[in-house]
Amino acid sequence: MNVYIATGTFQYLKEIEERYPSELMVTMVNEDGALLLHETSTQTVFKEPSKYEVLATSGLIEKKGLVVINHIPVTEENRSLFEYRLKDIPRLLEKEMGLIAIRVLRPLSSNVYIILTIWDSQLTFENSKNLLDSTIEKGYEYVNHSNIFISAPYVSKYTIPADQKGSHD
């Protein structure tokens, strides 16, 4: 299974999503722009997406909620160990109240791993944030921190609008 992510304006990405109703696509937005996530075992319809292989998964992606994306840039020599340490994250978090879905994604066209979680609300995310952070940190607790990251990991948040026909540009 692969995940492809395209960026653009909400309206443009929403039009692509609506053009392919049989595909699992979700448009999400934040103050900086919008993303369209496409999860599929076949080819994507995107022209130049960010490409990821799903390493571990739990839950079904729904068209609602708060999306929290942990971006973790890992050096080439630490990828195998990093992946080994992160493969259990979905199992460790899947019972967390309010967690809809989680994907641990291996980059196919960059060096930035993604841990994507979808929560039913900001409140349930905030209540589980410490567990999420400590679980991710355990993924690299036995790795030499000075050598694992190419640059500092960071987090971005998006919402999946409840009214997906809204005019967010």
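Positions are given from 1 along the sequence.
Between K64 and D120, the closest side-chain pair of non-hydrogen atoms is not below 4.5 Å. Side-chain contact check for L60 versus I100: every heavy-atom pair is 4.5 Å or farther apart. Within the 4.5 Å cutoff, no side-chain heavy atoms of I114 are placed close to those of I72. Side-chain contact check for L37 versus M28: some heavy-atom pair is nearer than 4.5 Å. Contact check for I115 versus L86: side-chain heavy atoms found under the 4.5 Å cut-off. With contacts defined as side-chain heavy-atom distances shorter than 4.5 Å, the pair I102/L116 does not qualify. The shortest side-chain heavy-atom distance between I16 and F46 falls under the 4.5 Å cut-off. Looking only at side-chain heavy atoms (C-beta outward), Y52 and R106 stay at 4.5 Å or farther from each other.
A continuous path of ILVMFWY side-chain contacts below 4.5 Å connects I61 to V54, so both sit in one hydrophobic cluster. L108 and L36 fall into different hydrophobic clusters, where Ile, Leu, Val, Met, Phe, Trp and Tyr residues are linked whenever their side-chain heavy atoms come under 4.5 Å apart, directly or through other members. Cluster membership check: Y84 does not share its hydrophobic cluster with V74, using side-chain heavy-atom separations under 4.5 Å among Ile, Leu, Val, Met, Phe, Trp and Tyr. Under the 4.5 Å side-chain heavy-atom criterion for ILVMFWY residues, no single connected hydrophobic cluster contains both V68 and L123.
Of all heavy-atom pairs between P107 and V112, the closest is CB-O, 3.4 Å. Of all the heavy atoms in P73 and P153, the pair that sits closest is CD-CA, 3.9 Å. Across all their heavy atoms, M97 and T124 have their closest contact at O-CB, 3.9 Å. Of all non-hydrogen atoms in E17 and M25, the two that sit nearest each other are OE2-O, 3.2 Å. Residues Y158 and G33 approach most closely at CE2-O, 4.2 Å, considering heavy atoms. Summarising the geometry of V29 relative to P161, their closest heavy-atom pair is CG1-CG, 3.9 Å, with the distance given to 0.1 Å.
Atom NZ of K87 has more than 12 heavy atoms from other residues, nucleotides or ligands within 6.0 Å.
Between F82 and Y113, the ring center distance clears the sub-6.0 Å criterion.
I150 CD1 to N111 CG: the interatomic distance, rounded to the nearest 0.5 Å, is 3.5 Å. Atoms CG and CE, on L55 and M1 in that order, are 13.0 Å from each other to the nearest 0.5 Å. Atoms OG and CD, on S58 and E96 in that order, are 11.5 Å from each other to the nearest 0.5 Å. Note that the OG1 atom of T57 and the CZ atom of R91 stand 14.5 Å from one another [nearest 0.5 Å]. The distance from the CH2 atom of W119 to the CG atom of N127 is 9.5 Å, given to the nearest 0.5 Å. Between the CD1 atom of I160 and the OG1 atom of T27 there is a distance of 9.0 Å, given to the nearest 0.5 Å.
Relative orientation of the Y154 and H71 rings is parallel, given thresholds of 30° and 60° on the angle between their planes.
Within the 3.5 Å criterion, the main-chain N or O of P90 finds no donor-acceptor partner in the side chain of R103.
Ion pair E126/K129 not flagged as a salt bridge, since none of the NZ, NE, NH1 or NH2 atoms sits closer than 4.0 Å to an Asp/Glu carboxylate oxygen. Classification of K157 and E31 as a salt-bridged pair fails, no side-chain N sitting under 4.0 Å from a carboxylate O.
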